[in-house]
Amino acid sequence: MKKTLRDVDLNERKVLMRVDFNVPLSRDGDVADDTRIRATLPSIQYAADNGAAVVLMSHLGRPKGKRNRSLSLKVVAYRLAELISNPVKFVDDCVGPEVDEKIRSLAPGEVLLLENVRFYEGETANDPAFAQKLASHGDIYVNDAFGTAHRAHASTAGAPALFDIKVAGFLMEKELRVLGGLLAEVRRPFVAVLGGAKVSSKIGLIKNLLNRVDRIIIGGGMAYTFFKAAGLEIGQSLLDENFLPLCRELLEISSRGKEKQIFLPVDSVVVREVSVSSELKVVSTGDIPEDWIGVDIADKSVDIFRREILRAKTIFWNGPMGVFEIPPFASGTKQIARALVEATEKGATSVVGGGDSVAALNQLHLADKVTHLSTGGGASLELLEGKKLPGVEVLDDVNVSQPVNDKR
Ligand code: AMP
């Protein structure tokens, strides 16, 4: 168990807190959805109310180590200021003399948001010199960014390792408690539903998952690399050729046991181009015409997936079943969301991780009808695989023989 904010004396201390303010932005550059900001308010508020000067750091998007005005966290500082009563300041860098000066003059109860840490290459490279600069910003480190805890970056791994006191924020604590509890005593059958387009990051973990779950349902863009691996025509659908050998191996593993372990769509909605006005038809797997693109699972697949979901006692869902941002291609994702809710109502435990699946549930106003909505897609998948998260490992453990300063 990890120590949390509650276990440390915050009075008159400078707290450096890693948060996940990687929020979606609207076209005019404003915060389009402030869920992630709200999710970490309890930690910020608690630290400020208990006498800490709070320095916040986060990434936003993928600026690839370069300054990028459209990925500035300044808009987030404005939104944060609307959400808490404490003074919120912003500094347009995350290291350097100006930042040092602002932190020096930061009073207890005040909050300072630093500029996007990914404006520096040292962040994702976990560069020791960059980590050292970040670490100089506080005397207590707090990680409340579960969504990036699977990354060994400077702000999540390198910097905290340099602190004497490094603890979890409340959001991090809740994610670890719920997901850890779920994985410690899994009720079976345990079914993972995977979708989305990140072929490279998700297909790689399926092998590990096969050891942990009873069945894996695969939809979304990922499915087409499997079809190609099976020698089927996929037209212009999403494909990652690097993963063809692995997909072949996985299909072979799946068919080895008494019961099939991997379920793929048996039909697809296909279009000539991925746009709302495109001509659309439903075809069986293997019948995708050369110039067409698979954008959603169709009814027969939904029926099979739904049946498997309703047989499960534990369900983990990550990634949409189709290009759900475009309404005509959102049907498969919506029906899978409804199946998940139905299974939950029948007593199953359901966990949904990842921004897109959570967004789909929000669109359907079903977000409160699943057991747990996780703020981390990749992080929750890695926990599920049985991996240790670098951003969690580095935090202080509760020393069971030595009672912590419990202020509850
Ligand atoms: P991920 O970040 O891996 O969860 O992927 C989410 C994205 O996958 C969404 O933006 C979807 O539009 C996209 N997606 C889902 N199905 C497909 C598909 N069949 N072809 C291309 N993109 C897809």
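Residue numbers count from 1 along this sequence. Order of appearance sets the numbers: ligands from 1, and atoms from 1 within every ligand.
Taking the six-membered ring where tryptophan is involved, the planes of Y46 and F170 are perpendicular, since the angle between them exceeds 60° and thus also 30°.
The single protein non-hydrogen atom nearest to atom 6 (C) of ligand 1 is D356 OD2, 3.0 Å, given as residue, atom name and distance. In terms of protein heavy-atom proximity, atom 17 (C) of ligand 1 is nearest to G221 N, 3.3 Å. Annotation: atom 14 (N) of ligand 1 to nearest protein heavy atom, G322 O, 3.8 Å.
Using a 4.0 Å cut-off between heavy atoms, V323 contacts ligand 1 through both its backbone and its side chain.
At a threshold of 4.5 Å between non-hydrogen side-chain atoms, the residues L83 and I37 count as touching. Side-chain contact between R188 and T314 is absent, with no heavy atoms from C-beta onward closer than 4.5 Å.
Residue G220 has at least one heavy-atom neighbour below 4.0 Å for each of these atoms of ligand 1: 16 (N), 19 (N). Heavy-atom proximity to G196, at under 4.0 Å, picks out these atoms of ligand 1: 1 (P), 3 (O), 4 (O), 5 (O), 6 (C), 8 (O). For ligand 1, the atoms lying closer than 4.0 Å to a non-hydrogen atom of Y224 are 19 (N). Ligand 1 places these atoms under 4.0 Å from at least one heavy atom of G294: 18 (C), 19 (N), 20 (N).
With hydrogens and angles ignored, the 3.5 Å screen pairs no side-chain donor or acceptor of K3 with any backbone N or O of L395.
Polar contact with ligand 1: absent for F324 (N/O pair, distance under 3.5 Å). Checking only distances, A197 does come within under 3.5 Å of ligand 1, N or O to N or O. The N/O atoms of D296, backbone and side chain alike, include none that comes under 3.5 Å of an N/O atom in ligand 1.
V55 and H137 make their closest contact through CG2-O, 3.9 Å (heavy atoms, listed as atom of the first residue, atom of the second, distance).
Taking only non-hydrogen atoms, the option from K202, M321, E325, K198 nearest to atom 9 (C) of ligand 1 is E325.
Each of T375, D20, D144 was scored for a side-chain hydrogen bond (donor to acceptor under 3.5 Å, both in side chains) with T40, with one residue passing: D144.
Looking at E385 and R212, no side-chain N of the basic residue comes within less than 4.0 Å of a carboxylate O on the acidic one, giving no salt bridge.
Atom CZ of F316 is separated from atom NE2 of H372 by 9.0 Å, given to the nearest 0.5 angstrom.
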